[in-house]
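When a ligand or atom number is given, it counts from 1 through the structure's own listing order. Position 1 is the first residue of the sequence, and the numbers go up from there. What you see below is based on every heavy atom in this structure, not just the backbone, and it leaves out hydrogens, waters and symmetry mates.
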Amino acid sequence: MKTLQYFSDGKWLDSTTNKFMDVYNPSTGEVLAKAPCCTKDEVEAAIAAAKKAFPAWANTPVTRRAQIMFKVRELIEANLERLTHLCAMENGKALGDALGDVLKAKEGTEVASGMPSLMMGESVMDISTGVDTVLYREPIGVFAGIVPFNFPAMIPMGWMAPTCIAAGNTMVIKAASFTPMTCMEIAKLYQQAGVPDGVLNIVTCSRNEADLFLTHPDIRGVSFVGSTSVGLHVYSKAAAHGKRVQALCEAKNHALVLEDAPIERTAAGIINASFGCAGERCMALPVIVVQESIADALVDAIVKQAKQLKVGPGYEKGVDMGPVVTAAHKKFVIDWINKGIEEGAKVVLDGRNISVKGYEGGFYVGPTILDHITEDMTVGAQEIFGPVLCIKRVKDFDEGLAIMNNNEFANGSVIFTQNGYYAREFQKRTDGGMVGINVGIPVPVGVFPFSGHKRSFFGDLHCLGKDGMRFYTESKCVTTRWFDEHEIKKTKVDSWDGTI
Ligand SMILES: NC(=O)c1ccc[n+]([C@@H]2O[C@H](COP(=O)([O-])OP(=O)(O)OC[C@H]3O[C@@H](n4cnc5c(N)ncnc54)[C@H](O)[C@@H]3O)[C@@H](O)[C@H]2O)c1
């Protein structure tokens, strides 16, 4: 078992604390590593290192910063297999899902390599007065990143660090306590690529120490991804201390399936979206709203395909679905299934008692499908973050859409139909921020913002794309009057004769 170090001011350090957090291998239930609970002093020292590194990094030409980011991209590419295995090992997700996670970290660095054009300013010249106005964007200072366990590569090292750093800021990331290792391995690649000491720092710590980011005077902004309750706390506390904040939070994404949707293809899209990453992703599809006329046929097809999924250790070839992240989360998911049954759901596939031979200690929950979910059942409304699919039956498009929008979260929403009119109506009227048409998951693309709505997001600027770049920079507007070259025409108000 490995004792992890934290990364501060370009050095990998042992924490002085004697408190550690267990990092499990969820596929076996064994402890894989111990992550330090960094002390308040250690977190403060990482913030101080980021502050010290900021002026030189901000003054490094943006083209040079972009070059370094491209080097990081090449190193991620060269280490793809190793990082994918590590991600599958610490998180439990299947290799294909882990590869997707790491590839998204690579994509983030690719987009950040285009920072010179992303940060390009604007100018306005007023010939009559000889005044030019130039708007440009500049880095802000030290940012904090607070990340969840479910995408150990993509979120810290694809959504946060590349844009933040390429824009000229410095950053301290609080890695997820359950899954800090992939993030740390990618941080080593940043170092290898030439990111100077102190520009990127990674700590692992408890909530109390992480809370320091929200009030510390040297932290200018906070990027948070996690649950809605913590997100609201982070958003309100950090904003009250004058920081810019983006908080990406929970989801209960629904898919509407209309009666003209091809059953087998739709079921395959749903299987991937609902059970990929064992349901532990914010774009997962935990609720299907299906038109009554095809409901039985669709449920049969989903159940048939779900039964074929191979559940096992994420890092083994041929496995479709790994375990959930911890024993406590397994219990949470099973408690929700039980609650759904108490509320009146009909279990058509039950994953509560699954056992994987040779891996009996792993945190497995098999694919579970609950049918006949109605609007009064909380199981169909609250985030479970596990492989649990709820089926709601409706008579038509309007009823389905109304049910989907009657949801406190609005991260993503999807429709399966061949009818162009309904597809268009859906994109206009759905509350979801990320919308899919005939795809199970509207995948975030690095050049566009990733935009949840309602209680799935708090803040003004989303992550990724131009919004991400704007979050990590502030604009400066410079007005210049060229006295030597232009005669200044003054408007004489007292000479106005009243004619309009
Ligand atoms: N909307 C999105 O894009 C998106 C993406 C991925 C995950 N998520 C959400 O993340 C959640 C799962 O992740 P989780 O269980 O790690 O979430 P969580 O809210 O428990 O923790 C998120 C992070 O916040 C830290 N934290 C907790 N209390 C804190 C405090 N008081 N001050 C500062 N930091 C604190 C945690 O240590 C962790 O690093 C799910 O709800 C999921 O929907 C959302």
Open item on the list: Testing the 3.5 Å rule here: is there a donor-acceptor pair between the side chains of Ser206 and Asn208?
Closed with: no
Open item on the list: Ring-plane angle category for Trp336 and Phe332, please: parallel below 30°, perpendicular beyond 60°, tilted otherwise.
Closed with: perpendicular
- [ ] Quick one, list the residues around ligand 1 where some non-hydrogen atom comes in under 4.0 Å, by chain and residue number.
- [x] Ile146, Val147, Pro148, Phe149, Asn150, Ile155, Trp159, Lys174, Arg207, Ala210, Asp211, Phe224, Val225, Gly226, Ser227, Val230, His233, Leu248, Cys249, Glu250, Cys282, Glu383, Phe385, Asn411, Phe450
TODO: May I ask you to check if Lys93 and Phe151 form a cation-pi contact, with NZ or CZ under 6.0 angstrom from the six-membered ring centre and within 45° of the axis?
DONE: yes
- [ ] May I ask you to decide if the ring planes of Phe149 and Phe385 are parallel, tilted or perpendicular, using 30° and 60° as cut-offs?
- [x] perpendicular
- [ ] Kindly write out the residues that satisfy side chain to side chain donor-acceptor pair (under 3.5 Å) with Arg207, not counting sequence neighbours, or none if the list is empty.
- [x] none
Task: Under 3.5 Å donor-acceptor, Asn169 side chain and Ile140 backbone - done: yes
